[in-house]
Structure formats: structure tokens, C-alpha cells
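Keep in mind that what you see is a predicted model, and the values were worked out from it rather than measured.
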Amino acid sequence: MKTLVVIPCYDENSEIVQNVVNRTKKYVNEILVIDDGSKIPVKLKNCKLLRNEPNKGKGFSLIRGFDYGKRNNFDILITLDSDGEHLPEEIPLFLEKIRDYDFVIGQRKLYRNLKRKALNYFATFWFMLLIPGIRDMYCGFRAIKVEKLKLMKIEDSDFELEPEMLLDAVKKKIKISFVNIKTNPLE
């Protein structure tokens, strides 16, 4: 399986992003970092780096990464946050699960703070009616088969992209599953 990791970033410390890239590279074929118009552009090695000018939002960056994955014939596309919250060492969990499913969502147990946990739970509550078993619709650690991604209509250019993807996956009857992940809460 030809695998691409897409890492959107905005105003992130280059050393932190480089650490994420370095820890990710042994699990995938290629890493694409998209700097979303950071005030101080990230400088990185061992990955392909694209830059948005000006800042266009996380959703726009992810769509740009999705388009790259489609154009370059990847089989699996994984999204990962740039801030070190997600552990790249858990990529094998997604690669194992994606064999039997089309779209795999990470589910965090720890959140950066109680406010984020409460907001995520409130938002996810309504999605539990559509997608049994979902507990974390906003987790940025995900894997999707590119053939299924090609069927989806994704337009949002900001943080609403994650729920938009889930709704379209349900509509298109794309098989969704979950992986419990550890996190490195940062705040």
C-alpha cells in the first residue's frame, strides 16, 4: 500500500514539526507538510513542503493534501497534526485497521483541557446517532483509502472539514471504524 501522510501546520515551531516528520517517515512512503501561511515559514527536511499564501485554513490545507494524494496515486492517506499531540508511532494501528475498513478515525482519551473535551463531546453527541461507536469526530489523526476519498465531496476550508468528511462518508456508505489513540496533551 502506497501511503501518504498529510500534516497541515500553521505558526508551528519548525523543530516540533521536524520531530513529527522524523518519527513518521519510517511508517509511510511520503510525507507532505502544508504550511498554511505561517508568519514564520517552517523549514523542514525529509518531506515535501507546500506553502499556502496567505493563510487559508486547515480544511483548505487538507484538501490540497488530498488532491496531491489523488494525483500521485497513493492508496492510503493519513492525516496527522503538526504540534506533536498525535504519536506517529501509532500509524501502524491505522494501517492495520484500514485493511478491513475505508476510513479510520482516531479516538482520543486525553484532551488538552476540559473545555476542549466538553466541546468535542457535545459536538460528537449528535454524530453518535449516525455513526455508532464514534467518540471523537474532531480528531485530526485519520486514515482513508484514496479510492474512497475520490468519491467524497469535501469543500469546507476550515475546521468543519472533519465533520463534513464524516457526513459524506455516511452518505456514500463508506465503511468507518475507529482506533483508540494515546495523545500528548499540550496545554
With a 4.5 Å cut-off on side-chain heavy atoms, are Asp100 and Ser177 touching?
no
Please name the pair of heavy atoms, one in Leu80 and one in Pro88, separated by the smallest distance, quoted to 0.1 Å.
CD2-CG, 4.2 Å
Are the side chains of Phe60 and Leu161 in contact, using a 4.5 Å heavy-atom criterion?
no
CZ of Arg142 to CG of Leu166: how many Å apart, nearest 0.5 Å?
4.5 Å
Would you find a donor on one side and an acceptor on the other, under 3.5 Å apart, between the side chain of Lys172 and the backbone of Leu151?
yes
Is it the case that atom NZ in Lys171 sees more than 12 heavy atoms from other parts of the structure closer than 6.0 Å?
no
For the residue pair Arg71 and Phe66, establish whether any side-chain heavy-atom pair is separated by less than 4.5 Å.
no
Closest approach of Glu89 to Pro92 (non-hydrogen atoms, all atoms of both residues)
O-CD, 3.2 Å
Are Asn19 and Glu15 close enough that a side-chain donor and a side-chain acceptor fall under 3.5 Å?
no
If we only count heavy atoms from C-beta on, is the Gln18 to Asn46 side-chain gap below 4.5 Å?
yes
ILVMFWY network linking Val20 to Tyr27, side-chain heavy atoms under 4.5 angstrom:
yes
Between Cys139 and Gly106, which heavy-atom pair has the shortest distance, and what is it?
CB-O, 3.1 Å
For residues Leu87 and Val28: do they belong to one hydrophobic cluster (side chain heavy atoms under 4.5 Å, members Ile, Leu, Val, Met, Phe, Trp, Tyr)?
no
Do Ile154 and Val170 land in one hydrophobic cluster if side-chain heavy atoms of ILVMFWY residues count as linked below 4.5 Å?
yes
Donor-acceptor contact present, side-chain Asn29 to main-chain Leu4, <3.5 Å:
no
Considering non-hydrogen atoms only, spot the tightest contact between Pro54 and Asp36 and give its length.
O-OD1, 4.3 Å
CG/Asp102 to CD1/Ile176 distance, rounded to the nearest 0.5 angstrom?
9.0 Å
Please name the pair of heavy atoms, one in Val5 and one in Thr24, separated by the smallest distance, quoted to 0.1 Å.
CG2-CG2, 3.8 Å
Please enumerate all residues that pass salt bridge (Lys or Arg N to Asp or Glu O under 4.0 Å) together with Asp75, with sequence neighbours excluded.
none
Any donor-acceptor pair under 3.5 Å from His86 side chain to Asp81 backbone:
yes
Do Lys148 and Lys175 have side chains that approach each other closer than 4.5 Å (heavy atoms only, starting at C-beta)?
no
Tell me if a side-chain donor or acceptor on Asn52 pairs with a main-chain N or O of Gly37 at a distance below 3.5 Å.
no
Would you give the length of the straight line joining atom CD1 of Ile144 to atom NZ of Lys150, rounded to the nearest 0.5 angstrom?
12.0 Å
In the structure I gave you, are the side-chain heavy atoms of Lys145 and Ile76 within less than 4.5 Å of one another anywhere?
yes
In chain order, what residues pass the ring pair (Phe, Tyr, Trp, His ring centres under 6.0 Å) check against Phe94, with sequence neighbours excluded?
Phe141
Is there a side-chain contact between Glu30 and Phe74 (heavy atoms, below 4.5 Å)?
yes
If you round to the nearest 0.5 Å, how far is CD1 of Ile91 from CZ of Arg23?
9.5 Å
Show the nearest heavy-atom pair for residues Val21 and Cys47, with the distance to one decimal.
CG1-CB, 4.0 Å
Stepwise, does the side-chain contact (heavy atoms from CB on, under 4.5 Å) test hold for Val33 with Ser82?
CA-CA 8 Å; Val33 175; Ser82 64; over 6 Å; no
Are Ile7 and Ile16 co-members of a hydrophobic cluster defined by side-chain heavy atoms under 4.5 Å apart?
no
The reported gap from CD1 in Ile98 to CE in Met1 (rounded to nearest 0.5 angstrom) is 8.0 Å
Candidate pair Ile78 and Leu95, rule side-chain contact (heavy atoms from CB on, under 4.5 Å), full reasoning:
CA-CA 9 Å; Ile78 296 173; Leu95 294 175; 3.9 Å; yes
Near Lys182 NZ, under 6.0 Å, is it more than 12 heavy atoms from other residues, nucleotides or ligands?
no
Okay, side chain of Arg64, backbone of Arg51: is any donor-acceptor separation there less than 3.5 Å?
yes
If we only count heavy atoms from C-beta on, is the Met165 to Leu149 side-chain gap below 4.5 Å?
yes
Got a second to check how far Asp35's CG is from Asp11's CG, nearest 0.5 Å?
8.0 Å
Same cluster or not: are Tyr10 and Val17 linked, directly or through other Ile, Leu, Val, Met, Phe, Trp or Tyr residues, by side-chain heavy atoms under 4.5 angstrom apart?
no
